[in-house]
Amino acid sequence: MAKMAASMVESGEDAFRKVFKFYKRRNPPPDFSDVVDFSRGLPSDKIVKAKLDPTAVSDVEAARIGLQPVRDWRAFGLQGYPGFIFISNPFLPGSQPFWIRQCLKTYPQKPNVCNLDMHMSPSETQDIWGQSVRGLSTPSGKREPRTLLERLRWVTLGYHYNWDTKTYSSNHHTAFPADLHSLSSKVTAACGFPGFTAEAGILNYYRSDSSLGIHVDESELDHSRPLLSFSFGQSAIFLLGGTHRQDAPTAMFMHSGDMMVMSGQSRLLYHAVPRILPAPEGHTASFLDLCCSVSHLQDSSVLESVPEEDWKVCSRYLQSSRLNVTVRQVLGPGQSFPEIPTAHLKTDAGQTAGYHDEHVEQDSGKRKRSSSCDSAELQTNHL
Ligand code: OGA
Ligand code: MN
């Protein structure tokens, strides 16, 4: 099959898996002509314009977090996926570097949790950035060993997701970053969800050969709240399926600065990232070339300018990496975690599974995740 239109794959036992493998394939490279590219509005028959609420966020509020006025955002829906909203890079020129540096320098810091904590002591993972700067500033080539930053696969924020039990719990919680909360609540408000509370975050760090297996995010206790996702750096193919694994997915590109909101009927759909791709020419400018051009930050801005030495490290890292930030509201208003006898709770020490790595293999009803690049793989039942 030289060409495979995702939309033409019939539903069947492993329709999603087939499409996943198709886009993951290296040799020969797959045909990407059926992949929806919201940044180019193609293919247009599936794309519909999404209606936002420009009054929900003032232009000043938007600028404070590095976003264009909401009326200028290019927001789309996909036919057949009610509640799915794709916003094509609404960031102001030069503001992505702030968020990128937060993901690489700030959010991996304690008390947040990352994959490296699973087999390293807190003192060893205390300063991931500081320990990586020198290595990443050295011209590439055969440098050994890889820096901690290059071995980072995931970071959790707020209610820290437990990969083993697939739960959040009240006794494993740290403060959610105020800046990311602000960004998340403004974006969701503009999408028609006022009062969104960012309570948990999962940051994914992808290398060019990484992928993320087929899954549904269902661990949050209130599914009426949307799930929010931000992408930075290199591009990716995102597959959005149905409520059953058998439903064939739609493939779309995600570029740096793009946002996705999965709400309503799309909140619990299967999805996956089979492939990371080099960002197209026009897109690298949005995150690589325009750093430190935020010269007129308002006094009230959440953003800070990124020093050139920090940006050097970020841009080198991003030459072959993609960052993804997902933000979740875990509890509905007034909701609390169910009481679980403490004997049944797993301790952090027992938490060994990770999120994803370059060897993610699909198995019916399961996805493989690993805690680190040391490829300690663990297969977790998904359903
Ligand atoms: C997730 C997820 C998708 C992405 O973290 O649950 O689906 O774009 N991420 O990396
Ligand atoms: Mn997900």
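Bear in mind the structure is a predicted one, so any value in this text is a computation, not a measurement. Counting starts at 1 for both ligands and their atoms, following the listed order.
The distance from ligand 1 to the heavy atoms of Val273 drops below 4.0 Å at these ligand atoms: 3 (C), 4 (C), 8 (O), 10 (O). Close approach of ligand 1 to Met254 is summarised as follows: ligand atoms under 4.0 Å from at least one heavy atom of the residue are 8 (O). Of all atoms in ligand 1, numbered sequentially from 1 with element shown, those under 4.0 Å from a heavy atom of Asn324 are 3 (C), 4 (C), 5 (O), 8 (O), 9 (N), 10 (O). Residue His271 has at least one heavy-atom neighbour below 4.0 Å for each of these atoms of ligand 1: 7 (O). Which parts of ligand 1 touch Asp217 is read off a 4.0 Å heavy-atom cut-off, strictly below it: atoms 6 (O).
Neither side chain, Gln234 nor Ser321, offers a donor N or O lying under 3.5 Å from an acceptor on the other. Under 3.5 Å, the side chains of Glu124 and Ser121 contain a donor-acceptor pair of N or O atoms. Between the side chains of Thr243 and Tyr270, no donor N or O sits under 3.5 Å from an acceptor N or O. In this structure, a donor-acceptor pair under 3.5 Å is present between the side chains of Asp179 and Tyr107. Checked by atom type, the side-chain pair Ser229/Asn324 shows a donor-acceptor distance below 3.5 Å.
Summarising the geometry, atom CG belonging to Asp37 is positioned 8.0 Å from atom CD1 belonging to Ile47; distances are rounded to the nearest 0.5 Å.
A cation-pi geometry, defined here as NZ or CZ lying under 6.0 Å from the six-membered ring centre and within 45° of its normal, does not hold between Arg245 and Phe16.
Residue Met260 does not touch ligand 1, judged by heavy-atom distances below 4.0 Å.
Within the structure, the closest approach of Arg328 to ligand 1 falls below 4.0 Å when heavy atoms are considered. Taking 4.0 Å as the cut-off, Thr326 counts as a neighbour of ligand 1 on heavy-atom distance. The shell of residues lying under 4.0 angstrom from ligand 1, judged by heavy atoms, includes Arg322.
Residue-level check: among N/O/S atoms of Asp217, OD2 sits closest to the Mn ion (ligand 2).
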